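Predicted model only: the values in this text are computed from it and were never measured. Below, read A as the first sequence line, B as the second, and so on, with proteins coming before strands; counting in each chain starts at 1.
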Amino acid sequence: MHEARAIDGRSLVRRRAGLRLWLSAGWLGLLCVVALFAPWIAPKDPLAQDLFLGRLPPFWMAGAEPGYWLGTDSLGRDVLSRIIHGARVALAVALIAGTITCLVGATLGLLAGFLRGWVDMVISRLIDIWMAFPPVLFSILLIAVLGPGLMSIIIAIVVIDWTRFARVVRAEAMAQGAMDYVASARVAGRGRLGTMMREILPNVLPTIVVLLTLEMGIAVIVEAILSFVNLSISTDDPTWGGMISEGRTSVHQAWWVLVFPLVTLFLTVLAFSQLGEGLKDRFDPVLR
Amino acid sequence: MSFLSIRNLSVRLKKGPPLLRRVSLDVAAGEVRGLVGESGAGKSMIGKAVLGILPPSIEVTGGEILLDGVDLLRLPPALRRRRIGALCALIPQDPLTALNPSHRIGPQITDRLVDILGWTRADADRRARELLAEVQIPDPERVLRSYPHELSGGMRQRILIASAFAAEPKLIVADEPTTALDVTVQKQILKLIAGMQARHGTALLFVTHDLGVVSKVCQHLSVLYAGMVVEDTSVADFFAAPRHAYSAALLAATPKYTDPSAGLIPVPEAVIAAVQAEVAAFDRSLADG
Amino acid sequence: MPVLSILLVRLLTTAITLAGVAVIVFFVIRVVPGNPIAMMLPPGATEEDIARLSALYGLDKPLVTQFGIWVSGVMQGDFGTSITTRQPVLDLVLGRLPATLELSIMALVMAMILGGAAALTGTRFRGGRTEGAIDVANGMALSVPDFLWGLVLILLFGVLWPVFHISGRVTPSLDLPFTTNFYLFESLIRLRFDLWADIVAHMVMPALALAIPLAAIIGQLLKQSLKETMNLDYVTLARTKGYGETRVILREALRNAALPTLTLVGVQFTFLIGGTVIIERLFSYEGLGNMAIDAVINRDLPLIQGIVILFAVIFTGVNLIVDLLYTVLNPRLRHA
């Protein structure tokens, strides 16, 4: 009787976590589809300006123009189409920058945590130095150096955020390295690299996957922030951050230019982070 | 009328199995009652129920706890808390974890006097010094200003005993107060508790698994098995001739100080089976109404 | 004695960190395309003009020499001259620092109040609906960074229900009698509550945006550690003394539970200060971060260097202070 109850309670928690996981994955999946087929889905050309159609309100308000579902910005560009095309930049940055950051950071963290010694000292010092930089200012500086563009954003994110992975993975690898099973693998004659890849890495992997999901959300935000200070891609190309930047200046005249990209960005960041949290609850015995 | 009178107290894990099965026992004013049983028999649970500190996962399903004639279980929580705070005290099991690490010793003894009983700070401080002297702590002034981590385990247990007697409670629950201590210190602490109890005339509910301790300190005892009182008798009668087979086996299993080479005799399986059958029969009789 | 040696080691690593920051920022920004001197001269300036001005700022010398000159200047408290405003970098930076400090500290206080309240309420009503609601709110607040909260706040309290200012540090038309740049603090000292109210009305939104994620972290950590503490023996003992639940939480559990949270709050506070850069931009708040972004856009190399170094000093300083504070608050460490 008592046993059955306990199992019920646990499955309820799991079901709720599962719902969170499915909702986040659903939203991100939808975004991926939208981004892939943007030219076919978007009702208008995201770059087409029409000064006679400037600051049209969304469809349910008086003065709306049919076809412009979420209204237009001050240059008469369709908000919905720009959000749809903006998803391409956001997701590209999330996937590419997130993955590369993860590879670089996790490798350095693994090396530092497992090899220890001077390798750890150098990497730890580097992490300390990185942590002393204000990250947003650092990214803006890097974009100023590299020049605007998708490639620059990705490089900037990798250069700045590798410490997120390195810090956690290093600590984790150290903890795992102290366990008996690692010692016995070494005694059994496995080499250092072999031990690291086959004994330590699999145990740290769940943590890395969770961090990767969170990093993708962060990458989307960084791109938006850089677009917001006009350093991302060119100012014409549709990005959520660029739209928010424009919306911020005209928020009193046309709130929808700010609200819709903001809601999209908000949901996307929330989805990435909830996906990470959900994966953490489900798979990662260490972070749980 | 006894000072503490527990009538048919039943306690269980929320929606779970019973932990106490209609427990009844009395502690008269100034009397010492031992509560013995194996771990898990529910002896600590009784002390916790009296003091109102059952964990949230456990609920009382029936019975009464009459403290000086008033049923604690029927009082609203705030009143119950104040009544327990004014009349009862606890000597906890582990002196290393029972003192707050971030407060000095002094306030930990006096706070109840000032906050709950309305003493002046000066009176409370004087009382604390007297008590520390009574529990034979040298240099009370220094100890009162110390933090717990600066003192030894035995010292801390003396402080907890002093603190329990601070407000002259009518009833003290001692929850295995010597179990966590070194054997050498155990005897001193036991003597100290017994002496303090006698001087202050406090009723004592002494929870222990050690029948040797019971023989030294208690006048009455209750033997528990699976949350059920299997024997309730005077200590003299018990050691002369335990009535219940389980009690007798428990007594036989206790190492003799006079003959350490005798070795331990485990409680025979037949006795355990018999007492388990008794518990099952009891549960059935409850279910039948 | 060990405390002293620990402190020495900490100071040494701090010095290494700061030196690393100095090297990186110096050489990175010198790769920036675009000649800052050419940008500040009017169109039609000759090559000669540019060369002359470059020499004035020392930009014609080899990089390593430039670095040497800059470092030896910094050692003597001279951070160089801003290229755009032609004022000493130190004056500019110190002039803006109070604004950013006031904003960060206000955000920290808000985060501690909000997070502390959430943790205490959640602990007081643990196991119930209230705790569940607090957990959900914490999760949301934690998932979304300060930049987005800032935008949400602008929409809610700047546009939809305009009760707070969403731009600037103080209403520009006001006459300010201040001698320092600690407006918030000085207006209180001078008992100018009208000005104080205006300054606070400008600061609430950016400070809240910075505070929300930190409040969530404090709320989560503190609640967890409070709940663990509430099961300890000394808390149980306090209950038998007649104290109520709220009093037990506040007096017996809070202090011990707060210690582990504190170290983490230190690191998180540096993240919060880092966040001021974009939040100040978002709310047009005249602090260091806003100035930094302008400096990058204008290629004002000496100013960028100065600001980055100052941020690094603040970050490492905060971490040092938190470690010391931890020692002071934990009696066990104090006597060790």
Next on the checklist: Report which part of C/I314 has an atom under 4.5 Å of a heavy atom belonging to chain A: side chain, backbone, both, or neither.
Outcome noted: neither

Checklist outcome for this item: Turns out that what part of C/F147 lies under 4.5 Å from chain A's heavy atoms comes down to side chain

Next on the checklist: So does C/L282 get a backbone contact from the side chain of A/R248, meaning a donor-acceptor N/O pair under 3.5 Å?
Outcome noted: yes

Item to check | Side-chain heavy atoms of C/L142 within contact of A/E277, under 4.5 Å | outcome: no

Checklist outcome for this item: In this structure, CD1 of C/I29 is separated from CG of A/L141 (nearest 0.5 Å) by 6.5 Å

Next on the checklist: Is C/L151 close to chain A through its backbone or its side chain, or both, or neither, when contacts mean heavy atoms under 4.5 Å?
Outcome noted: both

Item to check | Non-hydrogen atoms of C/S143 and A/Q274 that approach each other most closely | outcome: OG-NE2, 2.9 Å

Checklist outcome for this item: Interatomic distance, CG@C/L160 vs CH2@A/W255, rounded to 0.5 Å, equals 9.0 Å

Checklist entry - Which one of A/L126, A/V136, A/L142 has the most heavy-atom pairs closer than 4.5 Å to chain C? => result A/V136

Item to check | Greatest number of heavy atom pairs closer than 4.5 Å to chain A - which of C/V313, C/I166, C/T14, C/L18 | outcome: C/I166

Next on the checklist: Can you tell me how far apart CG (C/L155) and CG (A/L262) are? Round to the nearest 0.5 Å.
Outcome noted: 6.0 Å

Checklist entry - Based on non-hydrogen pairs under 4.5 Å, which of C/V277, C/I273, C/L148 is most in contact with chain A? => result C/L148

Checklist entry - CD1 of C/I297 to CD1 of A/I140: how many Å apart, nearest 0.5 Å? => result 7.5 Å

Checklist outcome for this item: One option among A/L214, A/V251, A/I225, A/L258 has the most heavy-atom pairs under 4.5 Å with chain C, and it is A/I225

Next on the checklist: Please determine whether side chain to side chain contact (heavy atoms under 4.5 Å, CB included) holds for the pair C/V25 and A/F138, giving the CA-CA distance in whole Å, both sets of side-chain angles, and the decisive distance to 0.1 Å.
Outcome noted: CA-CA 9 Å; C/V25 69; A/F138 200 6; over 6 Å; no

Item to check | From CA spacing to verdict: side chain to side chain contact (heavy atoms under 4.5 Å, CB included), C/V23, A/I129 | outcome: CA-CA 10 Å; C/V23 171; A/I129 294 173; over 6 Å; no

Checklist entry - Non-hydrogen atoms of chain C under 4.5 Å away: do they reach the side chain of A/V259, the backbone, both or neither? => result both

Checklist entry - Would you find more than 12 non-hydrogen atoms of other residues, nucleotides or ligands less than 6.0 Å from A/W60 atom CH2? => result yes

Next on the checklist: Quick check on the 6.0 Å ring-centre criterion: do C/F315 and A/F133 meet it?
Outcome noted: no

Item to check | Proximity breakdown for A/I244 and chain C, heavy-atom pairs closer than 4.5 Å | outcome: side chain

Item to check | C/V152 portion near chain A, given a 4.5 angstrom heavy-atom threshold | outcome: both

Next on the checklist: Please report the interatomic distance CG(A/L137) to CD1(C/I293), rounded to the nearest 0.5 Å.
Outcome noted: 7.5 Å

Checklist outcome for this item: Taken to the nearest 0.5 Å, the spacing of A/M131 CE from C/T17 OG1 works out to 10.5 Å

